Enquirer: 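One structure follows; several queries about it will come next.
Every value quoted in this text rests on a predicted model; they were computed, and no experiment measured them. The first residue in the sequence is number 1, and the count goes up from there.
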Amino acid sequence: MITSTEIAGIPLSSYICNASGPKCTTYEELAELGRSKSSAIVMKTCTILPREGNPEPRLARVGKNSLIQSMGLPNLGYEKYIEFSKKLKKYGKPVVASVAGFTLDEYATLAHAFQKSGADLIEINASCPNIKGKPQIGYDFGQMRNLLSLVCEHGGKPIGLKLPPYFDPVHWDIMSELILEYNISFISCINSIGNTLVIDPWKRSTVIKPKKGLGGLSGTTIKPIALANVQAFYERLIGSVSIFGVGGIMNGIDAFEFLLAGADAVQIGTAFEIEGTSCFGYMEAGLRTMLEYHDFSSIKEAKGKLNYL
Ligand code: SIN
């Protein structure tokens with residue numbers, strides 16, 4: 001059974017790794033991912049300057065397996081992650097940098113800086129919903145074009161985009177055209193569903209503090225939206241762009257569903273936040289069981305093999 005895969009030509013020893021978000025901000029957290037069964041070390045989205053993020057409480061559980069959060073990109077500043085990316089090489093797995101600028105120039109500075117780092121893949125976060133006054137650039141296709149023309153022109157490391165969820169086929173069409181025009185190597189879809197509201201009726205209160213309680217929703221609740229986005233991009237990008245599926249993957253069966261929809265690998269956010277590093281092992285085992293059940297001998301063989309009624 002071959003459960004190794006690749007993203008943009010970079011080999012991954014398994015289908016499952018962490019998503020930028022939970023427990024990947026400090027060197028200690030990243031080293032723990034290095035020692036875990038996560039097939040890559042995806043670092044927290046970094047900005048030019050260190051950030052403390054939004055006021056607390058900024059994360060809350062929603063039901064059993066979902067979260068609402070408005071972290072506000074707490075991170076140590078990009079220079080630290082350049083340093084970490086080199087130190088993390090000792091774990092022998094790909095390191096993924098994730099970057100977000102407050103201006104297009106900042107995005108460009110960050111993307112260029114990581115070209116000279118230990119990172120194997122550079123994920124441009126075009127979809128953080130949690131910064132007041134900073135729109136999700138992934139929803140502004142004109143700005144996306146400007147962004148892509150700046151970040152794609154330097155260096156040889158694969159550039160990818162962390163995308164917000166789209167809900168209309170025309171948006172998948174426009175985004176796919178841009179991705180193909182600028183030779184984006186991979187996408188990670190989807191980020192949390194931005195600006196959702198959870199209310200505690202007993203306290204008559206929001207459950208997180210920033211932005212009047214608005215935050216990104218992740219976990220089981222968003223899996224159908226994530227699957228639809230993976231399927232839509234898989235169909236449109238005709239196998240030429242690798243896809244990280246992200247959104248509500250809680251077990252190996254969920255991971256298998258993303259494989260059927262066309263994802264080359266999956267990133268785990270909410271389950272990792274709730275369960276810790278053990279999630280990578282049990283998801284891998286569950287995925288193997290599903291592949292065996294369907295008589296697939298590899299990830300490659302099963303990719304995109306969704307039956308339509
Ligand atoms: C955050 O730090 O606010 C979450 C990151 C993201 O949604 O991209």
Side-chain angles (χ1 to χ4, degrees), residues 7-8 19-21 42 44-47 69-73 75 96-111 114 121-152 158-196 211 214-218 222-237 241-248 261-263 266-267 269:
I7 289 280
S20 181
V42 184
K44 174 70 183 167
T45 299
C46 64
T47 48
Q69 55 75 30
S70 179
M71 302 303 287
L73 296 177
N75 76 94
V96 184
S98 174
V99 303
F102 283 88
T103 61
L104 293 182
D105 283 346
E106 283 191 8
Y107 268 111
T109 303
L110 292 162
F114 278 99
L121 298 162
I122 303 171
E123 188 180 84
I124 309 287
N125 186 345
S127 49
C128 176
N130 300 331
I131 312 283
K132 218 171 166 183
K134 176 178 166 6
Q136 286 164 273
I137 194 168
Y139 286 135
D140 181 339
F141 298 111
Q143 281 292 73
M144 274 308 286
R145 177 177 288 285
N146 297 333
L147 172 67
L148 294 180
S149 67
L150 284 173
V151 296
C152 293
I159 297 278
L161 294 176
K162 176 98 174 248
L163 295 173
Y166 297 104
F167 300 92
D168 191 287
V170 79
H171 295 152
W172 289 320
D173 293 342
I174 298 170
M175 200 59 223
S176 298
E177 278 164 26
L178 284 172
I179 288 166
L180 292 171
E181 184 181 334
Y182 286 93
N183 287 321
I184 287 295
S185 305
F186 70 99
I187 57 171
S188 307
C189 63
I190 57 174
N191 206 328
S192 61
I193 299 183
N195 300 306
T196 63
K211 289 178 70 180
L214 296 186
L217 190 67
S218 64
I222 76 165
K223 191 182 77 170
I225 297 159
L227 282 169
N229 275 264
V230 168
Q231 180 206 45
F233 283 113
Y234 178 64
E235 281 178 348
R236 287 164 177 76
L237 301 174
V241 177
S242 301
I243 301 178
F244 270 124
V246 205
V266 290
Q267 297 180 349

Enquirer: Which distance, rounded to the nearest 0.5 Å, do you find between the CD1 of Ile7 and the CZ of Phe244?
Expert: 4.0 Å
Enquirer: Work out which heavy atom in Gly247 is nearest to a heavy atom in Ile222; give both atom names and the distance.
Expert: CA-CD1, 4.0 Å
Enquirer: So, do Ile179 and Phe233 sit near enough that their side-chain heavy atoms are less than 4.5 Å apart?
Expert: yes
Enquirer: Below 6.0 angstrom between ring centroids: does that apply to His171 and Tyr139?
Expert: no
Enquirer: Spell out, as yes or no, whether a donor-acceptor pair under 3.5 Å connects the side chain of Thr47 to the backbone of Gly101.
Expert: no
Enquirer: Is the backbone N or O of Ala8 less than 3.5 Å from a side-chain atom of Ser242, with the two atoms forming a donor-acceptor pair by type?
Expert: yes
Enquirer: Among all residues two or more places apart in sequence or in another chain, which pass the side-chain hydrogen bond (donor to acceptor under 3.5 Å, both in side chains) test with Gln231?
Expert: Tyr308
Enquirer: Test of understanding: with salt bridge (charged side-chain N to carboxylate O under 4.0 Å, His left out), list the residues that count as partners of Lys223, not counting sequence neighbours.
Expert: Asp254, Glu257
Enquirer: Quick check: closest heavy atoms across Ala97 and Phe114, and the distance to 0.1 Å?
Expert: CB-CD2, 3.5 Å
Enquirer: Atom CG in Asn195, atom CG in Leu217: separation rounded to 0.5 Å?
Expert: 11.5 Å
Enquirer: List in chain and number order the residues that pass side-chain contact (heavy atoms from CB on, under 4.5 Å) with Pro169, two or more places apart in sequence or in another chain; answer none if no residue qualifies.
Expert: Trp172, Arg236
Enquirer: Over all heavy atoms of both residues, which pair between Ile225 and Pro165 is shortest? Give the atoms and the distance, please.
Expert: CG2-CB, 3.9 Å
Enquirer: Give every residue pair that meets the salt bridge (Lys or Arg N to Asp or Glu O under 4.0 Å) criterion with at least one member in residues 141-152, sequence neighbours excluded.
Expert: Arg145-Glu181
Enquirer: Is any side-chain heavy atom of Leu161 closer than 4.5 Å to a side-chain heavy atom of Leu148?
Expert: yes
Enquirer: Rounded to the nearest 0.5 Å, what separates atom OG in Ser98 from atom CG in Asn125?
Expert: 5.0 Å
Enquirer: Can you give each donor-acceptor pair under 3.5 Å made by side-chain atoms of residues 184-194, sequence neighbours left out, with the distance rounded to 0.1 Å?
Expert:
unit_1 : atom_1 : unit_2 : atom_2 : d
Ser188 : OG     : Glu123 : OE2    : 2.6
Asn191 : ND2    : Ser127 : O      : 3.4
Asn191 : ND2    : Ser127 : OG     : 2.9

Enquirer: With sequence neighbours left out, write down each residue that passes salt bridge (charged side-chain N to carboxylate O under 4.0 Å, His left out) with Glu106, or none if nothing qualifies.
Expert: none
Enquirer: Within the side chain of Lys211, is there an N or O that forms a donor-acceptor pair under 3.5 Å with the backbone of Pro129?
Expert: yes
Enquirer: So, using side-chain hydrogen bond (donor to acceptor under 3.5 Å, both in side chains) as the criterion, who are the partners of Ser20 when residues are at least two apart?
Expert: Thr45
Enquirer: What's the shortest heavy-atom distance between Val42 and Ala19, and which atoms?
Expert: CG1-C, 4.2 Å
Enquirer: Would you mind reporting whether Leu73 and Asn130 have side-chain heavy atoms less than 4.5 Å apart?
Expert: no
Enquirer: So does Gly138 get a backbone contact from the side chain of Gln136, meaning a donor-acceptor N/O pair under 3.5 Å?
Expert: no
Enquirer: Could you list the residues that satisfy ring-ring contact (aromatic ring centres under 6.0 Å, His included) with Tyr182, not counting sequence neighbours?
Expert: none
Enquirer: Just jot down the salt bridge (charged side-chain N to carboxylate O under 4.0 Å, His left out) partners of Asp140, sequence neighbours excluded, or say none.
Expert: none
Enquirer: Suppose we screen for side-chain contact (heavy atoms from CB on, under 4.5 Å). Which residues come up paired with Leu104, at least two apart in sequence or across chains?
Expert: Ile137, Gln143, Asn146, Leu147, Leu150
Enquirer: Could you pull out the closest heavy-atom pair between Ile131 and Cys128, with the gap in Å?
Expert: CG1-SG, 4.2 Å
Enquirer: Applying side-chain hydrogen bond (donor to acceptor under 3.5 Å, both in side chains), name anything that partners Ser176, two or more places apart in sequence or on another chain.
Expert: none
